Amino acid sequence: MYSVLRSTTLHHFRFLRVTGARMARGFMPIRGHELRDPIPPALLTFKDPRAFQAKSFWELIRALGVFRLCSYPVLVNNCDKLMSLTRAALGKRVFAAVLRPFVYAQFVAGETESEIAASMEKMNSLGLRPMLAVPIEEDLGESSGEKRYDDNLAAMLECVCMSHSNAWCKDPMMQLKITALINPELCVKLTSLLKKHHYDLDFVVKAMDGEFITFPGLSETENTHVLLGLNRLNRIGEASVNKVRVLVDAEYTYMNPALSLVTMAMMKKFNRDSAWIWNTYQCYLKESRDLIFDAIRLSVDQSFCLGVKLVRGAYMDKERKLAIKEGRDDPIHQSWEHTNDSYNRSLEVMLNLISQQPDRYKIIVATHNEESVRKAVTWMTELGIAREGGSVCFGQLLGMCDHVSLTLAQQGFPVYKSVPYGSVDDTLPYLVRRAQENRTVLQGIRKERDLLRQELRRRLREKITGAK
């Protein structure tokens, strides 16, 4: 993929207390005996409607309505066009007023500081933790100049401040998209240049520290922009270290190598004593486990702590179309089963590491897949990983998969919800992209709808009969 992440060998794992012969992939599997359920099996089915008891009557109705709409592929696939037409017909203010109590309120924390605080306090009362996400990102052709990137930096720094100062949870997290701070076209160009130029981590760290570095292959203007972008990322790292854990999002394969290089440089600089900067690994990619092993080797070689956000992935359709257009192999696993296997094996590797060095390795099991959550919970018990130890946590999107999130939180596991915030205008592109990227999840939430209905019927019975 890129040479800097393949420069070390397996001997760097000798510090691990792994006994017996290692398998070719570098680690022993989790203990071969029968796995035990760490909590009652009935709870691991995530079928208890009581998980929704803390939701208001209106929240139940709203969730059912939104999930019903999201179950229609034609609406999800064309939601950007439908929303644009509706906005044009109703006008900006009326459209915002209509959208705000429904889809917006389901998936967004709010716009003003008081609205966001109220959402966070409600989340905290349910035992859930916020992972704030500034809904700004750019793709190819959307670049808008240095001022826009500086404005994005100010929004990110405000997010760091909000995450830390409000004490909504003891170990706050936030999300970061590098393409909100560095031109995505240049990220693509850097990815291409990595195939023939060697940019090591020290080189990138020097650039972050303000040294004038020349990246071979870039023009003077491009080089200046990259240096400014790295300075922005450095400011976020300096603001967040020892305060807020920053989870860097993965994006498209045509720019991910450059994004990972920059993220690893941030880790080298800021992750000396703990994992404050984390990287995201998309397990629907065929190369995902190799990338995780590369990151582990690099963290050992460069002596920094590694934080991993493990996801299945969200750009499948575009990645496949692009691969066909460019005449190259499809980078995505051919089946859902292969993706699941990739996810669970990567999870297994990280949990083994955490069981041996919990201070050096961290993971957020970011998934809506119940089977992966069950595996993580049972494996944690097998390996003696404490629920509240801080090395393993779980994550889902705000407004989705609450039957899993709430059940885990009630059992004492740290659970984060990805929480976008901002105006309707600011969050609308974010919501459209998330809906389309997660269409498989949105169309498969029948179980959550059934549980919501059960809770709704229970409350109606209670009102009518007075019985609980």
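For this chain, numbers begin at 1 and follow the sequence in order. Just so you know, these numbers come straight off a predicted model, no measurement behind them.
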Could you check whether any side-chain heavy atom of [X] comes within less than 4.5 Å of a side-chain heavy atom of [Y], counting everything from C-beta outward?
| X | Y | value |
| --- | --- | --- |
| His368 | Arg312 | no |
| Met266 | Trp276 | no |
| Leu310 | Met350 | no |
| Leu456 | Phe52 | no |
| Tyr252 | Gln282 | no |
| Tyr281 | Leu291 | yes |
| Leu247 | Leu176 | no |
| Leu153 | Arg235 | yes |

Presence of salt bridge, [Y] and [X], under 4.0 angstrom:
| X | Y | result |
| --- | --- | --- |
| Arg459 | Glu462 | no |
| Lys55 | Asp402 | yes |
| Arg232 | Asp150 | yes |
| Lys147 | Asp151 | yes |
| Glu111 | Arg100 | yes |
| Glu59 | Lys122 | yes |
| Asp450 | Lys47 | no |
| Glu371 | Arg374 | yes |
| Glu388 | Lys170 | yes |

Next on the checklist: Nearest 0.5 angstrom please: Lys325 NZ to Lys318 NZ, how far?
Outcome noted: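 NZ of Lys318 is found 10.0 Å from NZ of Lys325.
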
Checklist entry - Taking atom CG of Leu306 and atom CD1 of Ile277, what is their separation to the nearest 0.5 Å? => result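 Taking CG in Leu306 and CD1 in Ile277, the distance rounds to 12.0 Å.
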
N/O donor-acceptor pair under 3.5 Å between [X] side chain and [Y] backbone:
| X | Y | value |
| --- | --- | --- |
| Asn183 | Leu186 | yes |
| Asp330 | Arg320 | no |
| Asn352 | Glu348 | yes |
| Glu115 | Thr112 | yes |
| Thr465 | Arg461 | yes |
| Ser288 | Tyr284 | no |
| Lys417 | Leu397 | yes |
| Ser260 | Pro257 | no |
| Thr407 | Val404 | no |
| Asn369 | Ser372 | yes |

Which pair of non-hydrogen atoms, one from [X] and one from [Y], has the smallest distance, and what is that distance?
| X | Y | result |
| --- | --- | --- |
| Ala155 | Ile136 | CB-CD1, 4.4 Å |
| Cys401 | Glu448 | N-OE1, 2.8 Å |
| Ser346 | Arg289 | OG-CG, 2.9 Å |
| Val365 | Tyr343 | CG1-OH, 3.4 Å |
| Pro184 | Thr179 | CB-CG2, 4.0 Å |
| Pro101 | Arg62 | O-CD, 3.2 Å |

Item to check | Partner set under ring pair (Phe, Tyr, Trp, His ring centres under 6.0 Å) for Phe57, not counting sequence neighbours | outcome: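 None.
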
Next on the checklist: If the condition is ring pair (Phe, Tyr, Trp, His ring centres under 6.0 Å), which residues does Phe394 pass it with, not counting sequence neighbours?
Outcome noted: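 By the ring pair (Phe, Tyr, Trp, His ring centres under 6.0 Å) rule, Phe394 matches Phe413.
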
Residues forming a side chain to side chain donor-acceptor pair (under 3.5 Å) with [X], sequence neighbours excluded:
| X | answer |
| --- | --- |
| Asp425 | Arg87, Lys92 |
| Ser125 | none |
| Ser84 | none |
| Thr86 | none |

Checklist entry - For Asp171, which of Arg245, Arg129, Lys362 qualifies under salt bridge (charged side-chain N to carboxylate O under 4.0 Å, His left out)? => result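 Of the listed options, the one satisfying the test is Arg245.
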
Next on the checklist: Before you tell me yes or no, could you show the steps for Cys169 and Met120 under side-chain contact (heavy atoms from CB on, under 4.5 Å), namely the whole-Å CA-CA distance, both residues' side-chain angles and the distance that decides it to 0.1 Å?
Outcome noted: CA-CA 9 Å; Cys169 67; Met120 298 305 96; over 6 Å; no

Checklist entry - Once the angle between the rings of Phe107 and Phe67 is folded into 0 to 90°, is it parallel (under 30°), tilted (30 to 60°) or perpendicular (over 60°)? => result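 Tilted.
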
Can a donor-acceptor pair be found between the side chains of [X] and [Y] at a distance below 3.5 Å?
| X | Y | result |
| --- | --- | --- |
| Ser418 | Gln396 | no |
| Asp426 | Ser423 | yes |
| Asp359 | Ser274 | no |
| Asn152 | Lys177 | no |

Next on the checklist: Taking side-chain contact (heavy atoms from CB on, under 4.5 Å) as the criterion, tell me which of Leu398, Ile364, Leu132 meets it with Tyr416.
Outcome noted: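 Only one of Leu398, Ile364, Leu132 forms a side-chain contact (heavy atoms from CB on, under 4.5 Å) with Tyr416, namely Ile364.
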
Checklist entry - Going through the distances and angles, do Trp58 and Phe102 end up as a ring pair (Phe, Tyr, Trp, His ring centres under 6.0 Å)? => result CA-CA 10 Å; Trp58 164 244; Phe102 298 102; 5.8 Å; yes

Checklist entry - Going through the distances and angles, do Trp168 and Val419 end up as a side-chain contact (heavy atoms from CB on, under 4.5 Å)? => result CA-CA 13 Å; Trp168 289 318; Val419 180; over 6 Å; no

Checklist entry - Would Met174 and Met156 count as a side-chain contact (heavy atoms from CB on, under 4.5 Å) if you check the C-alpha gap in whole Å, the side-chain angles of each, and the deciding distance to 0.1 Å? => result CA-CA 9 Å; Met174 64 171 279; Met156 296 287 184; 4.3 Å; yes

Item to check | Glu113 atom CD, neighbour heavy-atom count above 12 within 6.0 Å | outcome: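 For Glu113, atom CD is not crowded (no more than 12 foreign heavy atoms under 6.0 Å).
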
Next on the checklist: One pair to check against side-chain contact (heavy atoms from CB on, under 4.5 Å): Val373 and Phe46. What are the steps and the verdict?
Outcome noted: CA-CA 10 Å; Val373 171; Phe46 303 108; 3.7 Å; yes

Next on the checklist: Pair Glu238, Asn234 - check side chain to side chain donor-acceptor pair (under 3.5 Å), show working.
Outcome noted: CA-CA 6 Å; Glu238 290 177 339; Asn234 187 64; 3.2 Å; yes

